[in-house]
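These notes are about the structure you will find just below.
First listed ligand is number 1; within each ligand, the first listed atom is number 1. Here, residue 1 is the first one in the sequence, and each next residue gets the next number.
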Amino acid sequence: MTDTVTNGYDVIIVGAGPAGLCAAMYAGRGMLRALTIERGAPGGELLNTDLIEDYIGFESIKGWELAQKMTEHAKKFGAELATDTVERIRKADDGWFEVATARGRLYRAPAVILTAGGTPVKLGVPGEKEHAGKGVSYCAVCDGAFFKGEVLAVVGGGDAAVEEADYLTRYASKVYIVHRRDRFRASRILQERAFANPKIEVVWNKQVLEIKGTERGTDHLVLEDTVTGERSTLQIGGVFIFIGFKPNTGLVEGHVKHDAGGYLVTDERMMTSMPGLFAAGDVRSQLTRQITTAVGDATTAAIAVEKYLAATREKEKAGVAS
Ligand code: NAP
């Protein structure tokens, strides 16, 4: 398909989760011509989270509601949102970025802010793919209600696993958290909540070898003790897997510095090793990934883009004059 080339933007923001929406708001306030491209509804991971209780100023707010508020706020400052899937980002020989989308558009701009988040890491065990959507899920808010009265397993030991296990007890009769070690890495407050929940039982030191079931859904997990190697089974009506996220950084062509987990390394301006390519939120290498850190990154990135473009234009002018 021949791409329709659009040249009129200062910056293309890829992704409209909290980072993308916040970058769009700041870009608007900075009078930048910005386009934010998102393949789904704006909100990103907020739409996979039931209640948000750690976004300062909002003691408790539904994920979808915060997503809506962020979208409205960004639009109030002129954010332009396009629904499309970004397939490739490359830096052309003239130093401009080309952002190619599934709808055959090619957006060209001197800067890009990548806020594309990540996709859930898969266990990679037999039965996982076969039962995906039929007993295997990666989103408690999306699928929890399908498991009313069932016994569920949650795999993982980070914030997502422990928090979502607690969430799932509103539907399930019991939730096992299956974790491969003897302690969680989740934050203390989430752990305490889970330990206090009578519907949650933790299965320590176990890894999932296989997810078994029938056409209609999952019925048990085959587990292996990570200390003794002993095998066992766990009867369940569904399994939710929360073992981390993989950053969506594969869109960028060419080498960009990243850490061992594939997260993009940035400087204090949120600029990656590719000049003009900025990163914010879950795609960026950092200590923690929260809504607050995502919007912090995005604020810095949008303001840094403004300065980057001004400096680049100054240099070009000086080059022309000399
Ligand atoms: P995470 O913190 O990386 O935790 C992943 C968990 O999965 C770890 O417990 C890990 O075990 C386990 N794991 C990884 N690979 C596994 C495998 N192959 N088999 C079995 N277990 C495996 O990921 P996350 O929980 O998705 O959180 C991602 C980021 O989002 C974190 O920075 C987190 O703080 C943030 N987050 C915050 C909140 C909140 O604050 N409310 C909610 C959700 C997420 P080990 O511990 O043994 O490595």
Would you find a donor on one side and an acceptor on the other, under 3.5 Å apart, between the side chain of T85 and the backbone of R39? no
Hphob cluster co-occupancy, L66 + M25, side-chain heavy atoms under 4.5 angstrom: no
Listing request: all disulfide (SG to SG under 2.5 Å) pairs with a residue in residues 270-300, at least two apart in sequence or in separate chains. none
Which pairs would a plain distance check flag for residues 197-212, meaning a side-chain donor or acceptor within less than 3.5 Å of a matching protein atom at least two apart in sequence or in another chain?
{"unit_1": "N197", "atom_1": "OD1", "unit_2": "K199", "atom_2": "N", "d": "2.9"}
{"unit_1": "N197", "atom_1": "ND2", "unit_2": "D166", "atom_2": "OD1", "d": "2.9"}
{"unit_1": "N197", "atom_1": "ND2", "unit_2": "T169", "atom_2": "OG1", "d": "2.9"}
{"unit_1": "K199", "atom_1": "NZ", "unit_2": "T169", "atom_2": "O", "d": "2.8"}
{"unit_1": "K199", "atom_1": "NZ", "unit_2": "A172", "atom_2": "O", "d": "3.0"}
{"unit_1": "E201", "atom_1": "OE1", "unit_2": "K174", "atom_2": "NZ", "d": "2.8"}
{"unit_1": "N205", "atom_1": "OD1", "unit_2": "D182", "atom_2": "N", "d": "3.2"}
{"unit_1": "K206", "atom_1": "NZ", "unit_2": "D225", "atom_2": "OD2", "d": "2.9"}
{"unit_1": "Q207", "atom_1": "NE2", "unit_2": "E224", "atom_2": "OE1", "d": "3.0"}

I'd like to know if the side chain of R289 and the backbone of R284 have a donor-acceptor N/O pair within less than 3.5 Å. yes
Output the set of protein residues with a heavy-atom contact under 4.0 Å to ligand 1, ordered first by chain identifier and then by residue number. D54, L123, G156, G157, G158, D159, A160, E163, H179, R180, R181, R185, F242, I243, G244, T288, R289, Q290
All pairs passing salt bridge (Lys or Arg N to Asp or Glu O under 4.0 Å) where residues 118-128 contributes a residue, at least two apart: none
